[in-house]
Amino acid sequence: MSAYVKNRTKDGRFYWVLAVAWPIKGGYLSVRIKPHTPLFHEVQALYAELRKAELEDNVSPARSTEALLEALQAKGFEDYDAFMSAALSLELEERSKRTNVPLDPRQLRFLTMSRTIAQIRDETDEMTEIIKAIRTVPMNMRILASRLENAGGPISAISVNYGSMLDEMASWVRDFMDGKDSTYVRMRETIERGQFLVGAAIMQREMSQLFEEDLKGAPDTTALSEDKATLQLEADNFRKLAQESLKVVEAEATRLGRSVLDMKRYVTGLSSTRMMCKIESAALNGSGDSLSGIVDQLDAGQDEIEARLARIVELNTIIQSNTAMLRAVT
């Protein structure tokens, strides 16, 4: 796990670190990095707020934990694991900028995938709003059909088909986004896990390399050599676990690609509905003005949905290309 930690020195002063800790046989190991990001400063302020509540209002540590998780969710982190992955990745990225040392290629690719899956979420959310906005179209069509009496029969049938397609599209979005086994959640969680593991492995490897200096002047190098070897072994294990996560990402990205084809079929159905509306509008002569307005709504809604789908396909391709490159690197 990873967390921002406020440590205390022997002389009573404090300093902050971002620590990564994990269990090993007989205990645990921890490596740390000095934090500098805006996220760190937000966490500092949040810590001060929670600590004040504990001291002045007798808020329990358990309630502080709940408040912390609520605050992280409000900042856009879906859970603590997402926060850990982002914090470690952002701190390593910030350190790279400050030291002018390029990011590790593995970390860079996981960082790209992490930001890309967030963009897929944004595009899907926008598509959901578009679907909601045009949900009124079937109702408007039925109202128009009732006014036209016998002439409105075809329009009423079109409205039923259109409403059914919207239901299918809304169901597609729910299946993609909602639940632990959804494609989006599995991709996001696996990318975040791989990103965290790669970042931790980088820190482990760096710490292992720092032992070289200690070994040079040590009278007895046995313990130091063992620690160095342990850190290197743990770094190798973490990289292997990150590599395994790529299999899940690849599988889910392929699944998303197939799923988008289903959504495109629904959009094609909307095109047919739009064409039928245009035909009916022309047949109704002067009574077709209201139907023309509905056709305009269909045009705008379909164009937006098609644009969002195209963007999702593009973003999914970015994830697929990065998983392929990571496999080549590792």
Side-chain angles (χ1 to χ4, degrees), residues 1-10 13-37 39-40 43 79-99 101-111 113-114 189-249 323 325-330:
M1 70 165 295
S2 180
Y4 288 105
V5 179
K6 187 178 182 180
N7 283 327
R8 191 173 190 174
T9 63
K10 290 182 179 180
R13 293 184 296 172
F14 296 96
Y15 66 97
W16 285 84
V17 298
L18 178 68
V20 177
W22 68 100
I24 61 170
K25 185 177 181 180
Y28 71 93
L29 285 176
S30 176
V31 290
R32 300 172 292 176
I33 185 174
K34 184 177 180 180
H36 291 284
T37 62
L39 177 60
F40 164 57
V43 169
D79 49 37
Y80 191 79
D81 285 346
F83 166 73
M84 286 196 308
S85 178
L88 179 55
S89 182
L90 290 172
E91 292 297 347
L92 288 172
E93 184 182 27
E94 180 65 20
R95 185 186 66 170
S96 173
K97 293 176 182 177
R98 288 171 176 263
T99 59
V101 175
L103 281 174
D104 180 277
R106 298 177 185 84
Q107 187 202 350
L108 183 59
R109 300 213 174 276
F110 269 107
L111 185 61
M113 289 197 294
S114 178
E189 290 183 344
T190 309
I191 289 171
E192 288 170 351
R193 173 175 166 77
Q195 179 176 249
F196 177 81
L197 289 168
V198 164
I202 290 169
M203 294 175 65
Q204 291 164 337
R205 186 177 67 247
E206 290 175 354
M207 184 59 67
S208 174
Q209 292 168 350
L210 288 174
F211 271 87
E212 290 293 341
E213 293 299 320
D214 295 335
L215 286 167
K216 290 177 182 178
D220 184 358
T221 61
T222 303
L224 287 173
S225 296
E226 290 177 356
D227 289 342
K228 181 180 184 296
T230 297
L231 278 168
Q232 188 58 58
L233 179 62
E234 291 297 309
D236 291 342
N237 288 337
F238 273 43
R239 281 198 296 271
K240 288 177 183 177
L241 291 172
Q243 177 80 352
E244 290 175 8
S245 72
L246 295 175
K247 298 177 184 177
V248 176
V249 176
T323 56
M325 291 177 185
L326 276 165
R327 281 192 172 280
V329 169
T330 50

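Every value quoted in this text rests on a predicted model; they were computed, and no experiment measured them. We count residues from 1, following the sequence as given.
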Which heavy atom of Ser85 sits nearest a heavy atom of Gln195, and at what distance?
-> OG-NE2, 2.6 Å

Please list, chain by chain and in numerical order, all residues satisfying salt bridge (charged side-chain N to carboxylate O under 4.0 Å, His left out) with Glu206, sequence neighbours excluded.
-> Arg95

Taking it one step at a time, do Leu92 and Met203 satisfy side chain to side chain contact (heavy atoms under 4.5 Å, CB included)?
-> CA-CA 9 Å; Leu92 288 172; Met203 294 175 65; 4.3 Å; yes

Please name the pair of heavy atoms, one in Ser245 and one in Thr190, separated by the smallest distance, quoted to 0.1 Å.
-> O-CG2, 3.1 Å

Chi angles and distances behind the side chain to side chain contact (heavy atoms under 4.5 Å, CB included) call for Tyr15, Lys34 = CA-CA 9 Å; Tyr15 66 97; Lys34 184 177 180 180; over 6 Å; no

For atom OH of Tyr28, decide whether the heavy atoms of other residues, nucleotides or ligands shown that lie under 6.0 angstrom number more than 12.
-> no

Validation row: Thr323, Met113 side chains within 4.5 angstrom (heavy atoms) = yes

Mind checking the CZ-OG spacing from Phe196 to Ser89? Nearest 0.5 Å is all I need.
-> 11.5 Å

Is Glu94 reaching over with its side chain to a backbone N or O of Pro35, donor-acceptor style, under 3.5 angstrom?
-> no

Checking side chain to side chain contact (heavy atoms under 4.5 Å, CB included) for the pair Trp22/Val31: CA distance, chi angles, key distance, verdict?
-> CA-CA 9 Å; Trp22 68 100; Val31 290; 3.9 Å; yes

Can you find a heavy atom in the side chain of Phe110 that is under 4.5 Å from one in the side chain of Leu246?
-> yes

Close side-chain approach of Asn7 to Arg32, heavy-atom, < 4.5 Å | yes

Please confirm whether the backbone N or O of His36 pairs with a side-chain atom of Glu91, one donor and one acceptor, at under 3.5 Å?
-> yes

So, Thr230 side chain and Glu226 main chain: donor-acceptor pair closer than 3.5 Å or not?
-> yes

Rounded to the nearest 0.5 Å, what separation is found between the OG atom of Ser30 and the CD1 atom of Ile24?
-> 11.0 Å

Start with the C-alpha gap between Arg205 and Asp104, add the side-chain angles, then the distance that decides, and say whether salt bridge (charged side-chain N to carboxylate O under 4.0 Å, His left out) holds.
-> CA-CA 12 Å; Arg205 186 177 67 247; Asp104 180 277; 3.6 Å; yes

Measure the CD1-CE distance between Ile202 and Met207 for me, rounded to the nearest 0.5 Å.
-> 14.0 Å

With respect to Gln204, which candidate in Glu234, Arg239, Gln232 satisfies the side-chain contact (heavy atoms from CB on, under 4.5 Å) definition?
-> Glu234

Interatomic distance, Asp236 atom CG to Leu241 atom CG [nearest 0.5 angstrom] = 11.0 Å

Looking only at heavy atoms, the pair that brings Val198 and Arg106 closest together is CG1-CB, 3.8 Å

Are Leu18 and Phe40 close enough that some pair of their side-chain heavy atoms sits under 4.5 Å apart?
-> no

About how many Å separate OG1 of Thr221 and CG of Asp227, when rounded to the nearest 0.5 Å?
-> 11.5 Å

Work out which heavy atom in Ile191 is nearest to a heavy atom in Val249; give both atom names and the distance.
-> CG1-CG2, 3.8 Å

With a 4.5 Å limit on heavy-atom distance, are the side chains of Glu192 and Met84 in contact?
-> no

Over all heavy atoms of both residues, which pair between Lys228 and Leu215 is shortest? Give the atoms and the distance, please.
-> CD-CD1, 3.8 Å

Locate the shortest heavy-atom distance separating Ala200 from Leu88; write the atom from each residue and the value.
-> N-CD2, 3.5 Å

Close side-chain approach of Val248 to Arg193, heavy-atom, < 4.5 Å | no

Which value, rounded to the nearest 0.5 Å, describes the distance between Lys6 atom NZ and Trp16 atom CH2?
-> 6.0 Å

